[in-house]
Amino acid sequence: MSEEFEKQYNPSDYEDTVNKEWEDSGFFNPDNLNLSDKAESYTIVLPPPNVTDKLHVGHASMIAIEDLLIRYKRMNGFRALWIPGTDHAAIATQNVVEKRLFKETGKTRHDLGREDFLTKVNDFALGTQETILNQIKKMGASMDWSRLAFTLDEQRGQAVKKMFIDMYNDGIIYRGERVVNWCPRCQSTLADDEIEYREQATKLYTFKYSADFPITISTTRPETKLGDTAVAVNPKDERYKKYIGQTFKVDFVGIPLNIKIITDIGVEMEFGTGALGVTPAHSMVDYQMSLKNDLAMIKVIDENGKIHNGFGEYSSLSVAEAREKVVENLRTQGLMIKEEEIQNNLSVCYRCDTGIEPIPSKQWFINVDKKLERLGNKSLKEISLEAAEKNEINFTPERFKKTYIDWMNNLHDWCISRQIWYGHRIPAWYKKSKGEVFVGENAPEGNDWTQDEDTLDTWFSSGMWTFSTLGWPDNFKDGKKINELAKFHPTQLLDTGSEIITLWVSRMILMSYYALGEKPFSNVYLHGMILDEKGKKMSKSKGNGIDPLEVIAKYGNDALRLALLIGSTPGNNAKMSWEKIEAQRNFVNKLWNIARYIIINYELLIINEIPEVNEKDLTAADEWIIYQLNTLKLGVIEDIDNFSFSQAGEKLIDFIWNDFADWYLEVCKFENGNSKKPILIYILRSILKLLHPFAPFVTEVIWKKFNASLLMVEKYPVAGSGAGAIKGGFNIIKNIVTTIRNARSENKVEPAKKVEAIIYAGENFELIKQNEIIIKSLKTGINDLKILKKGEKIPDAIYVAVGEIEIYLIGAIDTAKEKARLEKEIANLEKFVSALNGKLSNKEFAEKAPEKVVTIEKEKLTKAETELSKLKEQLLKI
RNA sequence: GGGCAAUUAGCUCAGUUGGUUAGAGCGUUACAUUGACAUUGUAAAGGUCACUGGUUCGAAUCCAGUAUUGCCCACCA
């Protein structure tokens, strides 16, 4: 007997043991699954967590989803592979270490020097990485640990170099100028998230470049206007329409300029004069405009915040001095029209609060518009767009396809160099004396070659994640995938947050098409964020985070996973709370006790064989529960395939708790114990398998109570193949019994109340007769239950449901009204069907709903036709 | 400022392509409970599906507008 079967399930007593058994089995690695060569692969690469911090509950949610799919596919006979890894997250990680360093020692990275600083970052990264990997393992994620990767490890380094060099040789990677955010005090470029905004009062000057220039403009930075090459106006602005496209030569406070009049929808007609002086070299926005309009870039300010040479009297002045002088000159020339105080946002360096100067500097880029012969003469941008447009890659939820396409359409060349130290160093070498550039794995012969100081954007290496983890470039010979890469690429699913569609998803698609000529994955599943119970983002500073390991210690892995999976739908944020987790812990305990009850009462110990169920012995209740189980299987499989994990989970819980435990097991208590044995084993086995991907631990633990094998690699149930599966409306039987049971409890309060029921048995007369036993055994006190054979007259009754078995409760019914409604519906549907068929040229109908008629056609027609026949059937019965 | 989304029971959310009486969990209330389940059962109460129009025989669902909230992008001359 099960001496260890406690009344309560205590997860921490079992989880580590089970986890170890899984790992020791080797089945996390699909090569050990003993599959035939024909088995299809199912690959997911784990979006590598940043090594900036340990995992939070959001990561746990991602792991729950991916493990669900991997376990589900593995049980379905797929070559299921889940590749683990971590991301070096260049800027973010460097920032964390830099900030910590500054806080602890007051030193900057420049004080330490590149080498010492990098040692510090690497130590930090290794430490967090270990924590992360331990966390993932504790969660029971069935990842293939033999394929563990890191975006900055040796192998990925080789892949990155090869990619850079190939792209350079193809002319895809080039070096050009780009406006960056520069801190003149720190003498370094700043990333977008290193910029802070301060509201300040400043002067807005309204003036003309010269007396003969037709448009008045406004600026807060007159000194940068020395580098203007255009004036931008809103395309809708009637005032300036006549000037658009013209170029004017002007003399601006002593400096000659060529000003072209361009349009940009970003220009506000109401602000200032509705015209904006465009300075491509010293404003991010203007730089973007200059790219769109092919404008020249004139550099005015240098790295020290001084005016470049060649600007006459302004040369070598500081920005502030130059501004004063320009303003003064405008005043004396009578060109200054207005000076006013306004509030605006000043960008400052997060570290030293110095105002930021946008200045141009040399950077590396990926050309997204260059057409490649290899890709059918299409550019990377075009081919990446096509992938989504032609549904080569699907998005869940679908609306994110639009986000992706919009972003791709506006994609400019991707700047891949970063002025930070932590990351893949750019494999480019310069000979300063001669201005030569060499791109290659190692420096060429000779002494005076120095390597580029910059590193690559972190997305450059993570963009290669689907194939760099599968042995690219070694597994790619003569344009063909070999070995692992051939077996597992393209992957099937990428599960990630919607906020990085642009940053990551788009780059992965682009790079995979470039390197392999194929998509990186077939499906993109966008999960939402996990928020706290008040709907706020979880963050360390707020202290509202939920630590996954704490949850596991308290309530177990399964409760955590179920709480994360249920109630969160694709693309929507989900709130998480201890209450929710507790509710799932209760369910897990319920399942435990269901198993406990069955195993103890029916003395099921070790039963490896699937029990034979003799259909002849089945009672109506048995058939009903089996029918429900089959409906459940269908639903769960369909839901998982549609990524509706929450719905699938809810269905499972509903069946297990309400149908199986509260109803069927209660009914069994009235019936003969041992005759139920096979069917109970059958159902218990089925629910354990069905639930395994959602709650792997408890299902495996229970499974082990009466099985020698691992549940993890059992075959997932197939819908419709269950013993004694029968079609029809067995739901009705449940309704009858429930109604009767309710009546019983009501009788206590209100003894006069009486419930009468008539069951229309039709073909299933025998089945209903059997059910009578259940009803009687439940001591309903209802004696006027009538069962009608097919053909017998049905008295006026309330119609409850359709199916092979129907129930009519005696009471009031307005049949005339019901009939009229159905007739009306049928008439409409007939109209619709004929319109779709084209048999009847219902012009009016087509005009009113042209979209429906044109686009839906066949499926709609079939659906409408079945609906129609159903309605007709119903009508006949009334 | 631009883009995207959300708004359904006290709370958290489902609602599969428009279809009979809009569902679940938690919470609340009542009753039961020596039970396989100090974590159980049975029920009850609770909804103008944000608002206003439109399309339709029929709208939570489709369209337009309004309001509120959230996210992403940009940072403003």
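Quick caveat: nothing in here was measured; it's all calculated off a predicted structure. Chain A is the first sequence line, chain B the second, and so forth, proteins listed ahead of strands; every chain is numbered from 1.
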Should A:N642 and A:D639 be marked as a side chain to side chain donor-acceptor pair (under 3.5 Å) after you check the CA-CA gap, both sets of side-chain angles, and the distance that decides it? CA-CA 5 Å; A:N642 290 328; A:D639 285 341; 5.2 Å; no
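- The CG-C1' distance, from A:N658 to B:A43, rounds to 14 Å in whole Å.
- Taking atom C1' in both B:U7 and B:A14, the straight-line distance is 15 Å, to the nearest Å.
- If you take CZ of A:R221 and C1' of B:C75, they are 14 Å apart, rounded to a whole angstrom.
- Across B:A43 and B:A59, the matching P atoms stand 33 Å from one another, rounded to whole Å.
- A:N593 places a side-chain N or O within 3.5 Å of a backbone atom of A:N589 that can act as its donor or acceptor partner.
- One interatomic measurement links the two molecules: NZ of A:K580 to C1' of B:G27, which rounds to 15 Å at whole-angstrom precision.
- Checking A:S12 against A:N10 by side-chain atom types alone, a donor-acceptor pair falls below 3.5 Å.
- Side-chain contact check for A:N391 and A:K401: at least one donor-acceptor pair (N or O, by modelled atom type) lies under 3.5 Å.
- Aromatic ring pairs are classed by plane angle as parallel below 30°, tilted from 30° to 60° and perpendicular above 60°; the pair A:F643 and A:Y525 is tilted.
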With the criterion being N/O to N/O and under 3.5 Å, what pairs connect the protein with nucleotides 36-38 of chain B, and how long is each?
unit_1: B:A36; atom_1: O3'; unit_2: A:R596; atom_2: NH1; d: 3.2
unit_1: B:A36; atom_1: O2'; unit_2: A:N593; atom_2: OD1; d: 2.8
unit_1: B:A36; atom_1: O2'; unit_2: A:R596; atom_2: NH1; d: 3.0
unit_1: B:A36; atom_1: N6; unit_2: A:E666; atom_2: OE2; d: 3.4
unit_1: B:A36; atom_1: N3; unit_2: A:N593; atom_2: O; d: 2.9
unit_1: B:C37; atom_1: OP1; unit_2: A:K7; atom_2: NZ; d: 2.4
unit_1: B:C37; atom_1: O4'; unit_2: A:N593; atom_2: OD1; d: 3.0
unit_1: B:C37; atom_1: O4'; unit_2: A:N593; atom_2: ND2; d: 3.3
unit_1: B:C37; atom_1: O2; unit_2: A:K590; atom_2: NZ; d: 2.8
unit_1: B:C37; atom_1: N3; unit_2: A:K590; atom_2: NZ; d: 3.1
unit_1: B:A38; atom_1: N1; unit_2: A:Q8; atom_2: NE2; d: 3.3
unit_1: B:A38; atom_1: N3; unit_2: A:Q8; atom_2: NE2; d: 3.3

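- With both ends at atom P, the span from B:A60 to B:C37 equals 46 Å, rounded to whole Å.
- A:K225 has a carboxylate O that lies under 4.0 Å from a charged side-chain N of A:D228, or vice versa, which qualifies the two as a salt bridge.
- Nucleotides B:U39 and B:A5 have their P atoms positioned 45 Å apart, rounded to a whole Å.
- As a whole-Å value, the separation of A:I656 CD1 from B:U39 P is 21 Å.
- Remark: C1' of B:U40 and OH of A:Y9 are 20 Å apart, rounded to the nearest angstrom.
- For A:S283 (side chain) and A:D286 (main-chain N/O), a donor-acceptor pair under 3.5 Å exists by modelled atom type.
- If you measure from atom OH of A:Y404 to atom P of B:C4, you get 18 Å, rounded to the nearest angstrom.
- With both ends at atom C1', the span from B:U52 to B:A45 equals 32 Å, rounded to whole Å.
- Comparing the P positions of B:G2 and B:C62 gives an interatomic distance of 25 Å, to the nearest angstrom.
- Rounded to whole Å, the distance from CG on A:N642 to C1' on B:U17 is 12 Å.
- We find that A:E582 and A:K554 are not joined by a salt bridge, their nearest charged nitrogen and carboxylate oxygen being 4.0 Å or further apart.
- Taking atom P in both B:A44 and B:U66, one finds a spacing of 43 Å when rounded to whole Å.
- Residues passing the side chain to side chain contact (heavy atoms under 4.5 Å, CB included) test with A:S506 are A:Y404, A:W407, A:M408, sequence neighbours excluded.
- By the rule that a glycosidic angle within 90° of 0 means syn, B:A30 does not qualify and counts as anti.
- Taking the six-membered ring where the residue is Trp, A:F660 and A:F655 present parallel rings, their angle staying beneath 30° rather than reaching 60°.
- Atom CG in A:D639 sits roughly 11 Å away from atom C1' in B:A14 (whole-Å rounding).
- Stem regions annotated for RNA chain B: B:1-7 with B:67-73, B:10-13 with B:23-26, B:28-32 with B:40-44, B:50-54 with B:62-66, counting only runs of 3 or more consecutive pairs of Watson-Crick or G-U type with both contacts under 3.5 Å.
- Residues A:A583 and A:T219 both approach RNA chain B. Their nearest nucleotides, taken by heavy-atom distance, put A:A583 toward the 5′ side.
- Comparing the same atom, P, in B:C75 and in B:U16 gives a spacing of 40 Å after rounding to whole Å.
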